[in-house]
Amino acid sequence: MTTTTPKPSTGILATPPAAVAPPLDPANAVTFSIDDIEMAVPKGTLVIRAAEQLGIAIPRFCDHPLLAPVGACRQCLVEVWAPGRDGKLAKMPKPQPSCTLEATPGMQVKTQLTSGESDKAQHGVMELLLINHPLDCPVCDKGGECPLQNQAMSNGRSQSRFVDIKRTFPKPIAISTQILLDRERCILCQRCTRFSKEIAGDPFIDLQKRGASQQIGRFDTGILGFATGGTPGEATFAELPIGPAELVDESGAPFASYFSGNTVQICPVGALTSAAYRFRSRPFDLVSTPGISEHDSSGSAIRVDHRRGVVLRRLAGEDPAVNEEWITDKDRFAFAWQSAPDRLRSPLVRDAATGELVPASWPEALEVAAAGLAAATGTDTASAGARGVGVLPGGRLTIEDAYAYSKFARVALGTNDIDLRSRPHSAEEEAFLASSVAGRPLDVTFADLERSPRVLLVALEAEEEAGVAFLRLRKGVLAGRTHVTSLAPFATRALDRLDGTLLAAAPGTEPEVLDAIATDAPEAELSALAAELGLDGALVLVGERLGAIPGGLSAVRRLADRTGARLAWIPRRAGERGGIEVGALPSLLPGGRPVAQAAARVDVAAVWGVDHLPEEPGRSVSAMLEAARTGSLAALVVGGVDVRDLPDPAAAREALAAVGFLVSLEVRPSEVTDLADVVLPVAPPVEKPGTYLNWEGRPRPFPQALTSTAMSDHRVLDALADALGVTLGLRTLAQVHDELDELGAWDGERIAAPDVSAVEPPAIAPGHAVLATWHQLLDAGHLQDGEVFLAGTAKRPVARVSAATAAGVGVADGGLLEVSTDAGTVTLPVAVTAMGDHIVWLPTCSPGSQVRDSLRSGPGALVRLAAGTDLTVATDSEVQS
């Protein structure tokens, strides 16, 4: 097992320096004392924060540094002396909560360490908290890491004076299919309710009743008079989760939050628990390893807790520069796929006699794979019309693995036919990535998202495609610093929670709207937006979906140049930015070096120890698959690609079936496995060390968590290169890092920015509409396999259209709508939405809505609309089973 943590590096892997706090401004300083220790802090500093700087631990439950102070639990009471109007020190009549008390000049604070009054007050509060709290620590999920348990020992009485019967409630209450509530354990600290309202903007749990009967709970339809069946206040069909419809919050809307798991982690007692982890382990039985989430390009820090080689839970790691202390529920709960029962454990080779895949030894599998690839690259294949190998590494790899694919393609296979973009893409996008993304320094950061005065989102639904980025934007909005505008077909609920502005655009018309944003635009809205984008710190955040719209990335580049706004590209997959940096694109070598430039090739060849590299830029994913389908490409090497993600899954299946030789490197069986000639199993993230590069360009290294004999992709490719008679030299992580350090940054000429004209929007005939689509955070992706509790919190798939469009095809809200092309049909319930006419939105990859597979179309395509008769979406029981 290799457990080495990736070392700090230079160049691509260079870690940006940590932010340094500015020196204290004397004019803005407050001098006071805690336990007779004098200190100076900025004005507005809470006493409890100042005590932390001195290393003084004041007990607390409701306090959290990322939540607004509330003083709910009263556990942090301290004795306070402050100067009066006459300048003399006077003791405040009662102990004060240090979590809400700001330091003032001359104040003297005495904590439980130096004040008997503070100590007695804290003991009294603890005794009150424990009156009704059950003494079930041995079976409580929080036992062993419980602040209440710890502070009851350090700041509580040794024996209880309470002899009456404790209050109990039926338990657990299902807040959602994933979050369970044991009300009798709750101490009313309100961390969960404050997080939901202040951070996520998803209120789903709140205080109910008053006095001694007060409790935390989900909304009860009997209390506020809400009922099912279409009464006022009831949630619309579109907002219902896949889980039980009766789980609704205090506003009458059903519980649906992508960040609910954070409430479990910050709960200081065992009141909120995860359905998947409940009663499965004790914290002191777990081994904890830091990690980085593999689910999106944010690079969120996580903590992997495992026991006896099995991951039992994941928690948010603390990283102020990236995710602070929050992660999405997908980052937290969707890890079962890595240990699924169908994991590939040994290589598979297709038997020539039976045509079946059979287990094989590593030497045998590598020999067969090497022979097939050597034949595909040899001159003897030219007569058959097929020659060469295409490499499709996918977009979920670490930097180290993506680099190995890049080098393997050029050195071992002699080709630039490598492309990580297993999704809709274009040549315009490749030029944009080469000119505006690859090799660029850390420019736009998460901190900038919450400090920017103006943020324009283009083809990016932040909550669905980059959850932590959404939280940072919302933080800036709530602080009054940030104003968000989204260029999209309609205003989503996420945009409403950002108090954002919609700049409406039908799919395919984004370039036209972007080019119209100018200070001299006749529309006041567009001229004002252009002026605000010219403010210092303004940002334009671009999603990967814009790459499929002709002229879209060219227009957004022109907008940034015209206004001076900084530009950031935020893809969905964790490995896309890193793969671009290490040259997993047809026209790029590592560090953003253009393949077509001789100086760049010489630069890389010198490090790789080869005489020359292929000169002509390679083919894209779509071009390679088409070449394989038509018989002009002899072989493919595929690394963990989900066929459903490709622009045309049906054509991809034909290509994979038609190609002469197919090698697949993957963790679990897939559609590629079924067609492969050789299958080489590789390690999932939890079983290998590595580094992701997040959308900022920030390296996110992580160590290996579980003992495993599985090999990472770079080790497998190194062994395969050896079988081909080529030395790749990438067997260890250190070797990969040494090469990346030696390559360093590229300071030569780069590929020019794209300048592609927009396409005239198609005429829309009656009964037709323009398709809009994007992925939901929780959908039918394979990285969520095995987590049925999480699946129950996904949004129900719906087709969104305007009221006029729905009326035009004779469909009412909640009725069925058929969206079809010549390739197939998707039938979903209708959610009438405030949006432009003749537009229909579908989730890209949700139960019953496989847009690319069923319709073989993407954003901006024309589709037919008709009233539906047969619902194709999976039922609740099917999804949760």
Side-chain angles (χ1 to χ4, degrees), residues 6-16 292 294 296-299 322 391 393-410 416 418-422 425 429-445 542 544 547 567-595 597 600-601 603-604 607-608 613 617-618 639 690-702 712-714 717 730 733 735-751:
K7 67 173 185 177
S9 304
T10 58
I12 294 173
L13 291 176
T15 302
I292 300 296
E294 74 278 15
D296 63 27
S297 64
S298 294
V322 178
V391 181
R396 299 197 180 276
L397 298 172
T398 62
I399 290 176
E400 295 84 358
D401 291 337
Y403 177 74
Y405 277 98
S406 177
K407 185 176 180 181
F408 181 80
R410 274 79 184 218
N416 285 316
I418 175 172
D419 194 348
L420 61 82
R421 297 173 297 167
S422 57
H425 52 273
E429 181 194 44
E430 186 177 351
F432 172 83
L433 296 177
S435 63
S436 303
V437 176
R440 298 298 178 184
L442 194 69
D443 182 25
V444 179
T445 67
V542 184
E544 65 181 33
L567 186 62
W569 179 71
I570 303 183
R572 287 183 60 247
R573 293 169 178 80
E576 293 231 358
R577 177 66 191 267
I580 292 166
E581 293 293 340
V582 297
L585 282 179
S587 60
L588 281 186
L589 293 170
R593 295 169 170 84
V595 162
Q597 287 194 23
R601 295 195 303 274
D603 201 12
V604 175
V607 175
W608 286 353
L613 295 174
T691 308
Y692 288 118
L693 198 68
N694 72 358
W695 64 262
E696 300 171 287
R698 185 190 305 270
R700 308 293 288 154
F702 59 92
S712 57
D713 295 63
H714 70 84
L717 291 171
L730 302 179
L733 214 61
Q735 289 176 308
V736 179
H737 290 175
D738 287 343
E739 284 198 7
L740 287 170
D741 289 348
E742 189 175 356
L743 281 168
W746 171 244
D747 56 2
E749 185 179 350
R750 298 182 181 274
I751 293 176

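All residue numbers in this chain count up from 1 along the given sequence.
- You'll find the side chain of Asn416 reaches within 4.5 Å of the side chain of Arg410, heavy atoms only.
- Proximity of Trp608 to Pro590: side-chain heavy atoms (C-beta onward) are separated by under 4.5 Å at one or more points.
- Taking 4.5 Å as the limit, some side-chain heavy atom of Tyr403 sits within range of a side-chain heavy atom of Leu743.
- Taking each heavy atom of Arg698 and Leu442 in turn, the nearest pair found is N-CD1, 3.8 Å.
- Rounding to the nearest 0.5 Å gives a distance of 8.5 Å between CD1 of Ile418 and CG of Leu585.
- The two residues Gly592 and Ala438 have their closest heavy-atom pair at CA-CB, 3.8 Å.
- Of the charged side-chain nitrogens involved, at least one lies within less than 4.0 Å of a carboxylate oxygen, so that Arg421 and Glu430 count as a salt-bridged pair.
- Here the options are Leu730, Leu717, Leu589, Val736, the test is side-chain contact (heavy atoms from CB on, under 4.5 Å), and the partner is Lys407; only Leu730 passes.
- Taking both residues in full, the closest heavy atoms of Val322 and Gly299 are given as CG1-O, 3.8 Å, listed atom of the first, atom of the second, then distance.
- Judged by distance alone, the side chain of Ser406 and the main-chain N or O of Gly583 form a donor-acceptor pair under 3.5 Å.
- Remark: Leu693 CG to Leu13 CG distance equals 8.0 Å, nearest 0.5 Å.
- Neither side chain, His425 nor Glu544, offers a donor N or O lying under 3.5 Å from an acceptor on the other.
- Among all heavy-atom pairs drawn from Ala434 and Ile751, the shortest one is CB-CD1, 3.6 Å.
- When side chains are defined from C-beta on, Phe432 counts as touching Leu567, because their heavy atoms get closer than 4.5 Å.
- Side-chain contact check for Ile570 versus Ser297: some heavy-atom pair is nearer than 4.5 Å.
- With a 4.5 Å cut-off on side-chain heavy atoms, Arg573 and Leu420 do not count as touching.
- Side chain of Ser436 to main chain of Leu433: no donor-acceptor pair is present (N/O by atom type, distance under 3.5 Å, no hydrogens or angles).
- Side-chain contact between Trp569 and Arg440 is absent, with no heavy atoms from C-beta onward closer than 4.5 Å.
- Among all heavy-atom pairs drawn from Gly579 and Ala402, the shortest one is CA-CB, 3.9 Å.
- At least one donor-acceptor pair under 3.5 Å links the side chain of Asp401 to the backbone N or O of His714.
- Residue Tyr405 holds its OH atom at 13.5 Å from CD of Glu400, rounded to the nearest 0.5 Å.
- Tested against Thr691, the residues Ile399, Thr398, Leu740, Leu733 include a single side-chain contact (heavy atoms from CB on, under 4.5 Å) partner, Ile399.
- Here the shortest heavy-atom pairing between Ser422 and Gly395 reads OG-N, 4.1 Å.
- Counting heavy atoms from C-beta outward, Trp695 and Glu576 have side chains that stay 4.5 Å or more apart.
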